[in-house]
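Worth saying up front: this structure is predicted, and the values here are computed from it rather than measured.
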Amino acid sequence: MPEPVTSTIDVPGATLTYDVRGELSNQPVLLLIGSPMGASGFPTLASHFTDRTIVTYDPRGVERSVRSDDDAELSPDDHAADLVTLIETLDAGPVDLFASSGGAVNALALLAQRPDLVNTVVAHEPPLAGILPDAKAATAAVEDIYQTYQRDGMGAGMAKFIAITSFKGEVPDDYTEQPAPDPAMFGLPTEDDGSRGDALIAQNLRGCTSYQPDFDALAKAKDRLVIAVGEESVDELAHRGGLVAAERLGLTPVIFPSNHGGFLGNEYGMPGKPEEFATKLREVLPR
């Protein structure tokens, strides 16, 4: 796998940083995205696609993609606009796109708005709390995470985030009345450092999870869409979001190995099954 070549793009309110592995002129382009996960989450997965040109990027406000506006909340439509600029800047024609978690929500927004820019979108576990049967309770739990973070800081907010992402089944109406998890249980800080600009909780969490995809537009482009869910994340919120989105579009969700982070190597010390994951991804991408 070639070493990544890093470039930047100035967009309204931010400078986006992206990496290209390989030549843009003679191989199919595979764009790998997350949100708020940046390019640092994809080296292992990229290493399994030496026959393709791999592009990764840091979403605005994440790692190297610095915002110049403020730390206001972002929507999937904001990220979709950035992806349009990135793909058009590559000037390599329509791309194949693997998108996980919040990146999958952003990819659905992109596909609905600009299907001409993609060949195939693989949307892996989009955490679409707002389309679930228990949307009221699920989005209330998300709001509670946000308000806890604003009131008590990172440790308290992130502990609640970890709890809801691993929760199995429909979210009960009294979920937010249950005792709050102890941040120390997850190795998180118990003291508030006063910062309130976290890319996940402060900038992306509410906009991502409450997003209502344009299912009418997606239905017109569903031949370009694969919705993927993890075999080990059954009944978790993001897995359930993928199932409901697939049902709304009349698609059969594709089961991928491992869990929500199944494509990871040791990037964050929580490896999935990246080799098996890459094999499955290759199966659903165009030859």
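- For F277, the ring-ring contact (aromatic ring centres under 6.0 Å, His included) criterion is met by F98, H124, F256, F263, not counting sequence neighbours.
- Residue Q147 places its CD atom among more than 12 non-hydrogen atoms of other residues, nucleotides or ligands, all under 6.0 Å distant.
- Counted by atom type alone, Q113 and D77 present one or more donor-acceptor pairs between their side chains at under 3.5 Å.
- At a cut-off of 3.5 Å, with distance as the only test, a side-chain donor of E125 or S233 sits close to an acceptor on the other residue.
- Side-chain contact, E23 with Q27: no donor N or O sits under 3.5 Å from an acceptor N or O.
- With hydrogens and angles disregarded, a donor-acceptor distance shorter than 3.5 Å links the side chain of K168 to the backbone of V234.
- The 12-atom threshold is not exceeded at CD of E3, counting heavy atoms of other residues, nucleotides or ligands nearer than 6.0 Å.
- Of the possible donor and acceptor atoms, none in the side chain of D96 sits under 3.5 Å from a partner among the backbone N and O of L30.
- Between the D214 side chain and the A217 main chain, a donor and an acceptor come within less than 3.5 Å of each other.
- Between K273 atom NZ and T279 atom OG1 the span is 12.5 Å, to the nearest 0.5 Å.
- Residue-environment remark: CD (E275) stays at or below the threshold of 12 foreign heavy atoms within 6.0 Å.
- What you find for A80 and N106 is that their closest heavy atoms are CB-O, 4.1 Å.
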- Task: List the steps and the verdict of side chain to side chain contact (heavy atoms under 4.5 Å, CB included) for T17 and Y57.
- Result: CA-CA 6 Å; T17 299; Y57 93 120; over 6 Å; no
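- Side-chain contact between Y18 and I9 is present, with heavy atoms from C-beta onward closer than 4.5 Å.
- Side-chain heavy atoms closer than 4.5 Å link hydrophobic residues (I, L, V, M, F, W, Y) into clusters, and following such links, even through other members, never connects I87 to L285.
- Linking ILVMFWY residues whenever their side-chain heavy atoms come closer than 4.5 Å, directly or via other members, places Y211 and L218 in the same cluster.
- The two residues T176 and A141 have their closest heavy-atom pair at CG2-CA, 3.8 Å.
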- Quick one: do S40 and E267 satisfy side chain to side chain donor-acceptor pair (under 3.5 Å)? Show the steps, please. CA-CA 7 Å; S40 62; E267 283 87 354; over 6 Å; no
- Full working for salt bridge (charged side-chain N to carboxylate O under 4.0 Å, His left out) between D19 and R64: CA-CA 11 Å; D19 305 305; R64 302 164 299 169; 2.8 Å; yes
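- Looking only at side-chain heavy atoms (C-beta outward), Q178 and D174 come within less than 4.5 Å of each other.
- Residue-environment remark: CG (D173) stays at or below the threshold of 12 foreign heavy atoms within 6.0 Å.
- Looking only at side-chain heavy atoms (C-beta outward), N266 and T44 stay at 4.5 Å or farther from each other.
- Between the side chain of Y268 and the backbone N or O of G41 there is at least one donor-acceptor pair closer than 3.5 Å.
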- Task: Go through T89 and L16 one step at a time and tell me if the side chain to side chain contact (heavy atoms under 4.5 Å, CB included) criterion holds.
- Result: CA-CA 11 Å; T89 298; L16 303 179; over 6 Å; no
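- Taking NZ from K160 and CG from D144, the interatomic distance works out to 3.5 Å, rounded to the nearest 0.5 Å.
- For the atom pair L108 CG and I227 CD1, the distance stands at 6.0 Å (nearest 0.5 Å).
- Here the shortest heavy-atom pairing between G265 and P274 reads CA-CG, 4.2 Å.
- The CG atom of D82 sits 4.0 Å away from atom CZ of R60, with the distance rounded to the nearest 0.5 Å.
- With a 4.5 Å cut-off on side-chain heavy atoms, V121 and V226 do not count as touching.
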- Message: Assess the residue pair Q203 and D198 against the criterion (side chain to side chain contact (heavy atoms under 4.5 Å, CB included)); give the C-alpha distance rounded to whole Å, side-chain angles, the decisive distance to 0.1 Å, and a yes or no.
- Response: CA-CA 7 Å; Q203 297 181 42; D198 181 63; over 6 Å; no
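- A245 and I131 make their closest contact through N-CD1, 3.8 Å (heavy atoms, listed as atom of the first residue, atom of the second, distance).
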- Message: Checking D192 against R151 for the salt bridge (charged side-chain N to carboxylate O under 4.0 Å, His left out) test, could you report, in this order, the C-alpha distance in whole Å, the side-chain angles of both residues, the deciding distance, and whether it holds?
- Response: CA-CA 9 Å; D192 181 3; R151 182 182 64 247; over 6 Å; no
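- If you take OG1 on T165 and CG on N259, they are separated by 10.5 Å, rounding to the nearest 0.5 Å.
- There is a side-chain donor-acceptor pair under 3.5 Å between H260 and S101.
- Annotation: side chain of L83 is in contact with side chain of I33 (closest heavy-atom distance under 4.5 Å).
- Ion pairing of E143 with R206 is present here, as a side-chain N (NZ or NE/NH1/NH2) and a carboxylate O approach within less than 4.0 Å.
- Although no hydrogens or angles enter the test, the distance criterion places a donor-acceptor pair under 3.5 Å between the side chain of D58 and the main chain of A39.
- D78 contributes a side-chain N or O that, together with a main-chain N or O of S75, makes up a donor-acceptor pair within less than 3.5 Å.
- Every residue two or more places apart in sequence or in another chain that forms a salt bridge (Lys or Arg N to Asp or Glu O under 4.0 Å) with K280 is listed here: E283.
- Between atom CE of residue M185 and atom CD1 of residue I162 there is a gap of 9.5 Å, rounded to the nearest 0.5 Å.
- Here the shortest heavy-atom pairing between P189 and P183 reads O-CB, 3.6 Å.
- Listed for the R196 side chain is a donor-acceptor partner under 3.5 Å among the backbone atoms of Y149.
- Follow the hydrophobic side-chain contacts under 4.5 Å out from I201 and you reach L188 in the same cluster.
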- Query: Which is it for H79 and N204 under the side chain to side chain donor-acceptor pair (under 3.5 Å) test, yes or no, and what are the steps along the way?
  - Reply: CA-CA 10 Å; H79 291 297; N204 286 287; 2.7 Å; yes
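- In plain terms, the two heavy atoms of L97 and A107 that are nearest each other are CD2-CB, 3.8 Å.
- Between P127 and V105 the shortest side-chain heavy-atom distance falls below 4.5 Å.
- With respect to the salt-bridge test (charged N to carboxylate O, under 4.0 angstrom), the residues R282 and D51 qualify.
- Within 6.0 Å of the NZ atom in K136, the count of heavy atoms belonging to other residues, nucleotides or ligands does not exceed 12.
- Of the possible donor and acceptor atoms, none in the side chain of R21 sits under 3.5 Å from a partner among the backbone N and O of P4.
- Hydrophobic clustering (ILVMFWY, side-chain heavy atoms < 4.5 Å, transitive): I145 and L128 are in one cluster.
- Hydrophobic clustering keeps L243 apart from L237 (ILVMFWY residues linked when any side-chain heavy atoms are closer than 4.5 Å, directly or through intermediates).
- Using a 4.5 Å heavy-atom threshold, the side chains of L281 and L45 count as touching.
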- Message: side chain to side chain contact (heavy atoms under 4.5 Å, CB included), that's the test. Do V142 and I164 meet it? Break it down for me.
- Response: CA-CA 8 Å; V142 171; I164 193 63; 5.6 Å; no
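- Formation of a donor-acceptor pair under 3.5 Å by the R67 side chain with backbone atoms of D70 is found in this model.
- Residues V118 and L110 are in side-chain contact: their nearest non-hydrogen atoms beyond the backbone lie under 4.5 Å apart.
- At distances below 3.5 Å, not a single donor-acceptor pair connects side-chain atoms of S65 with backbone N or O atoms of G61.
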